[in-house]
Amino acid sequence: MSETVLVARRGGVVELTLNRPDRLNAFNAEMHEALARALAGVAADATVRAVLLTGAGRAFCAGQDLSERTVADGESPPDLGATLEHWYNPLVRRLRTLERPVVCAVNGVAAGAGANIALACDIVLAARSASFIQAFARIGLVPDSGGTWLLPRLVGEARARALALLGEKVTAEQAEAWGMIWKVVDDARLMEEARALADRLAAGPTRGFALIKRAFAATWSNTLDAQLDLERDLQREAGRSEDYREGVRAFVEKRPPRFVGR
Ligand code: T3D
C-alpha cells in the first residue's frame with residue numbers, strides 16, 4: 001500500500017494526509033492513485049460521513065511534481081492535457097460530487113494544483129502561516145484543477161485575473177478576508193479545529209449534506225427558475241430521509257437530534 005497518502009479512520013471521519021513532505025506533497029502518479037483509491041473507498045462506505053484532507057510537514061501541497069517535468073532539448077514535451085484528463089480533473093470532480101462533506105485543513109503553502117484542490121473542498125480552514133499561490137503562470141502554465149472556474153466565483157474576477165497572471169502569494173488571512181476560504185486558525189490549533197469540524201459534520205444529516213452539495217454544484221449554471229425547480233426536487237428527497245424525520249422530532253421534543261446519515 002502506498003504511503004503517499006495516509007488514511008486514518010476516526011469514528012465517521014476519514015482523514016487523508018498527503019504525504020510526500022520532502023517534495024512539499026507535490027503530486028506524482030503514485031500519490032494521485034492513492035488519493036483516488038482512498039476517495040473511492042469513502043464513496044463506497046456508507047459508514048464514512050465526512051472527510052478531512054490535509055498535508056504532512058510544512059506544506060499542504062505544491063501541485064504537480066515538477067521534477068518529473070523536465071524536458072531535454074530535442075525531446076517532445078509531455079502532454080499535460082492528458083495528465084489533467086487522467087488525474088487532476090477526476091480528482092476535482094470526485095471532491096465536488098462526493099456525497100460527504102470534505103473539510104480541507106491547509107497546514108502550509110498550497111501552490112498550483114494544490115491550491116485549487118484545497119479550494120475545491122467544501123469547507124477550507126487554513127493555518128495562519130499557510131498561503132495560496134496560483135503558481136502556474138510562473139512556469140508558463142494556466143491555472144488548472146478548476147482554478148479558472150473557482151477563483152472568479154470565490155474572490156471576483158478582478159482578483160482572480162491578477163492572482164492567475166501574477167502568481168502572487170495570498171496569505172491565509174487575506175484569503176479569509178476575500179472569502180476564498182472559510183476561516184483562518186492559529187497554526188497550533190488547526191488540526192484540533194479541523195477535526196472538531198469534521199466530527200460535527202460526521203454527526204450530521206449526511207444525505208441532506210449530499211443534496212446541499214448537489215444544489216451548489218448546479219447553482220452557477222442554472223437560472224433562478226431552474227434552481228428553484230432543483231431545490232424543490234432536492235427538498236422532496238431530503239423530506240423523505242430518516243434524518244429529516246429525526247430532526248423535526250428532536251426540535252419538537254427540545255433535544256439534540258441523533259442523525260444516522262440516511
Ligand atoms: O504537469 C502537469 O501534469 C500539469 C499539471 C499541473 C498542475 C500544477 O500544479 S503546475 C504548478 C506546479 N507547482 C509549482 O509550480 C509550485 C512549485 N513550488 C514552489 O513554487 C515553491 O516550492 C513553493 C512556493 C510551493 C514553496 O517555496 P519554499 O521556498 O517554501 O520551498 P522550496 O525551497 O521551493 O521547496 C522545498 C523543496 O520542495 C525543494 O526541494 P529541495 O531543494 O529541498 O530538494 C523543492 O524543489 C521541492 N518542491 C517544491 N515544490 C515542488 C517541489 N518539488 C517538485 N515539484 C514541486 N511542485
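Counting starts at 1 for both ligands and their atoms, in listed order. All values derive from a computational prediction rather than experimental measurement.
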With heavy-atom distances below 4.0 Å as the criterion, list the atoms of ligand 1 near [X].
| X | value |
| --- | --- |
| Ala135 | 14 (C), 15 (O), 16 (C) |
| Phe136 | 7 (C), 8 (C), 9 (O), 10 (S) |
| Ile133 | 24 (C) |
| Ala26 | 55 (N), 56 (C), 57 (N) |

Looking at Glu246 and Arg255, does any basic side-chain N land under 4.0 Å from a carboxylate oxygen? yes
Strictly below 4.0 Å, N to O, side chains only: are Arg9 and Asp45 in salt-bridge contact? yes
Tell me the closest heavy-atom pair linking [X] and [Y], and the distance in Å.
| X | Y | value |
| --- | --- | --- |
| Gly108 | Ala130 | O-CB, 3.4 Å |
| Leu95 | Leu39 | CD2-CD1, 4.1 Å |
| Asn19 | Leu6 | ND2-CD2, 3.5 Å |

Glu253 CD: over 12 foreign heavy atoms closer than 6.0 Å: yes
Around atom CZ of Arg161, are there more than 12 heavy atoms from other residues, nucleotides or ligands closer than 6.0 Å? no
For [atom], closest protein heavy-atom neighbour:
| atom | value |
| --- | --- |
| atom 57 (N) of ligand 1 | Gln64 O, 2.8 Å |
| atom 6 (C) of ligand 1 | Asp144 OD2, 3.2 Å |
| atom 16 (C) of ligand 1 | Ala62 O, 3.6 Å |
| atom 37 (C) of ligand 1 | Asp22 O, 4.0 Å |
| atom 20 (O) of ligand 1 | Arg138 NH1, 4.1 Å |
| atom 3 (O) of ligand 1 | Arg69 NH2, 2.7 Å |

Has the side chain of [X] got a donor or acceptor atom that lies under 3.5 Å from a matching backbone atom of [Y]?
| X | Y | result |
| --- | --- | --- |
| Thr54 | Ala105 | yes |
| Asn107 | Gly55 | yes |
| Asn25 | Ala56 | yes |
| Arg214 | Leu234 | no |

Run the contact test for Tyr88 against ligand 1 with a 4.0 Å cut-off on heavy atoms, strictly below, and give the result. yes
Arg58 near ligand 1 by a heavy-atom separation under 4.0 Å: yes
Just to confirm, does any protein heavy atom lie below 4.0 Å from [atom]?
| atom | answer |
| --- | --- |
| atom 43 (O) of ligand 1 | no |
| atom 29 (O) of ligand 1 | no |
| atom 34 (O) of ligand 1 | no |
| atom 24 (C) of ligand 1 | yes |

Test your reading of the structure: does [X] have an N or O sitting under 3.5 Å from an N or O of ligand 1?
| X | result |
| --- | --- |
| Arg23 | yes |
| Ala111 | no |
| Gly63 | no |
| Leu66 | yes |

Selection from Leu24, Asp65, Asn28 by shortest heavy-atom distance to atom 26 (C) of ligand 1: Leu24
Answer with yes or no whether the side chains of Ser241 and Asp243 bring together a donor and an acceptor at under 3.5 Å. no
Tell me whether the rings of His32 and Phe27 are parallel (<30°), tilted (30 to 60°) or perpendicular (>60°). parallel
